[in-house]
> 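Mind looking over this structure? Questions follow.
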Amino acid sequence: MTDVGFIGVGKIGNPMCANVIKGGHRVVVHDLVEEHAANLIELGAVWAESPADVASQSEVVLTSLPGPPEVTAVLRGADGILAGAEPGLVCFDLSTNLPSTVELLAERAAEHGVIFHDSPVSNGVQGAIDATLAVMVGGDQASFERYKPVLQCIGSNVFYMGELGMGALTKIINNMVGITSMQVLIEATVIAEAAGLDPHRAHEVMSVASAQHYVGNMPALLQREFDDPSFFLKWAAKDVSLAVQVARETGIPAPIASAASDMLMRAKNRGHDMKAVTATLLSAEEDAGVSQ
């Protein structure tokens with residue numbers, strides 16, 4: 001049994017935290033909205049008033065947050081993890097983060113004797129509920145091995161990816177492939193609509209033709225169910241923008257990811273940010289003058 005802190009219990013963080021509790025660990029939990037932790041407290045978690053309070057009661061801390069700015073604030077803020085940490089604390093950041101940000105955070109953590117890992121997850125809310133997430137970890141291997149059993153409470157596929165930042169990079173390119181591929185399907189669908197081709201009939205053909213390996217998400221797109229998603233368009237826009245930023249930082253051209261990022265940002269700025277990522281279709285149809 002390990003004393004685990006968990007910070008950030010939203011859509012994905014909540015079921016992950018629940019599975020850590022069910023794994024038999026003592027859990028201290030914090031979120032900006034205390035009500036988000038109500039079910040976790042019923043399961044046996046203890047509420048903490050701040051990230052610093054979590055750190056002071058924990059051997060290992062897991063964070064599940066929206067992105068780099070939030071991770072930075074939770075780690076380094078006035079009431080952040082480092083403010084309450086004792087030397088030897090180990091952190092696993094389950095968020096999607098930039099490798100360059102991860103390196104800076106790990107340097108600050110090391111000044112306090114804290115070991116920081118980038119440990120993003122993939123497979124969505126259902127994967128979090130079922131504890132079948134893929135977990136991609138970069139950083140100190142010895143502490144990874146020591147706390148791997150905690151990570152296995154949230155994911156059935158836990159990977160050590162190597163040096164610091166490699167977990168974050170793996171997650172970014174994984175999401176870049178999935179989300180960017182969806183933008184191609186959206187573009188193809190709008191071209192079909194604008195030219196008078198029924199996209200359902202087009203999918204029927206593509207599913208048995210040379211595109212068959214790439215159109216698995218098209219049925220979900222054609223259902224046009226954009227509301228109450230498990231993964232918001234604004235998150236997709238953020239993830240692809242991180243991929244573009246990594247490419248810029250490393251001097252690598254990324255024209256396809258950049259184009260997909262532009263599509264997503266247009267859809268986000270038109271008010272579709274809290275819809276499903278497939279809602280980029282609405283923005284693309286608007287650009288093409290196609291009405292449904």
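Heavy atoms only: backbone and side chains are in, while hydrogens, waters and symmetry mates are out. Please read all numbers here as calculations on a predicted model, not as lab measurements.
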> Would you mind writing out the side-chain donor-acceptor pairs for residues 279-289 within the sub-3.5 Å range, not counting sequence neighbours?
unit_1	atom_1	unit_2	atom_2	d
Thr280	OG1	Val277	O	2.9
Ser283	OG	Arg270	NH1	2.7
Glu285	OE1	Arg224	NH2	3.1
Glu285	OE2	Arg224	NH1	3.0
Asp287	OD1	Arg270	NH1	2.9
Asp287	OD1	Arg270	NH2	2.7
Asp287	OD2	Arg266	NE	3.1

> With sequence neighbours excluded, tell me which residues meet side chain to side chain donor-acceptor pair (under 3.5 Å) with Asp198.
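Residues passing side chain to side chain donor-acceptor pair (under 3.5 Å) with Asp198: His200.
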> Can you pull out every ring-ring contact (aromatic ring centres under 6.0 Å, His included) where at least one residue sits in residues 52-83? Sequence neighbours excluded, please.
none
> If the condition is ring pair (Phe, Tyr, Trp, His ring centres under 6.0 Å), which residues does His30 pass it with, not counting sequence neighbours?
Trp47
> Mind jotting down which residue pairs meet the ring-ring contact (aromatic ring centres under 6.0 Å, His included) criterion with at least one end in residues 48-96? Sequence neighbours excluded, please.
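For residues 48-96, and leaving out neighbouring residues, the ring-ring contact (aromatic ring centres under 6.0 Å, His included) pairs sorted by first residue read Phe92-His117.
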> Does anything in residues 242-290 form a ring-ring contact (aromatic ring centres under 6.0 Å, His included)? List the pairs, not counting sequence neighbours.
none
> Under 3.5 Å, which donor-acceptor pairs do the side chains of residues 10-17 form with other protein atoms, sequence neighbours left out?
unit_1	atom_1	unit_2	atom_2	d
Lys11	NZ	Pro229	O	3.2
Asn14	OD1	Asn39	ND2	2.9
Asn14	ND2	His36	O	2.8
Asn14	ND2	Asn39	OD1	2.9

> Distance check, rounded to the nearest 0.5 Å: Ser241 atom OG versus Asp262 atom CG?
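Here the rounded value is 11.0 Å.
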> Report yes if the side chains of Ile81 and Leu89 come closer than 4.5 Å at any heavy-atom pair, otherwise no.
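The answer is yes; the side chains approach within 4.5 Å.
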> Okay, side chain of Asn269, backbone of Met265: is any donor-acceptor separation there less than 3.5 Å?
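Answer holds: yes.
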> Apply side-chain contact (heavy atoms from CB on, under 4.5 Å) to Leu32 and list each qualifying residue two or more places apart in sequence or on a separate chain.
none
> Closest heavy-atom contact between Ser58 and Val28?
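Reported closest heavy-atom pair: OG-CB, 4.5 Å.
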> Only pairs under 3.5 Å count here: list side-chain donor-acceptor contacts from residues 211-221, not counting sequence neighbours, and write none if there are none.
unit_1	atom_1	unit_2	atom_2	d
Gln212	NE2	Ala209	O	3.1

> With the side chain counted from C-beta on, respond yes when Leu75 and Asp93 share a heavy-atom pair under 4.5 Å apart, and no when they do not.
no
> So, using side chain to side chain donor-acceptor pair (under 3.5 Å) as the criterion, who are the partners of Ser156 when residues are at least two apart?
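Per chain and number, Ser156 pairs via side chain to side chain donor-acceptor pair (under 3.5 Å) with no residue.
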> If you count every heavy atom of other residues, nucleotides or ligands that lies below 6.0 Å from Lys238 atom NZ, does the total exceed 12?
yes
> List the atom pairs, donor and acceptor, that lie under 3.5 Å between side-chain atoms in residues 159-168 and the rest of the protein, sequence neighbours left out.
unit_1	atom_1	unit_2	atom_2	d
Tyr160	OH	Gly139	O	2.6
Tyr160	OH	Gly162	O	3.2

> Please indicate whether Glu86 has more than 12 foreign heavy atoms, meaning atoms of other residues, nucleotides or ligands, lying under 6.0 Å from its CD.
no
> Got Thr63 and Cys91 here, is their nearest side-chain heavy-atom distance under 4.5 Å?
no
> Any heavy-atom pair between the side chains of Val71 and Thr101 that's under 4.5 Å?
no
> Could you check whether atom CD of Glu187 has more than 12 heavy atoms from other residues, nucleotides or ligands sitting under 6.0 Å from it?
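No - once you tally the heavy atoms of other residues, nucleotides and ligands closer than 6.0 Å, there are 12 at most.
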> Give every residue pair that meets the salt bridge (Lys or Arg N to Asp or Glu O under 4.0 Å) criterion with at least one member in residues 57-85, sequence neighbours excluded.
Glu59-Arg146
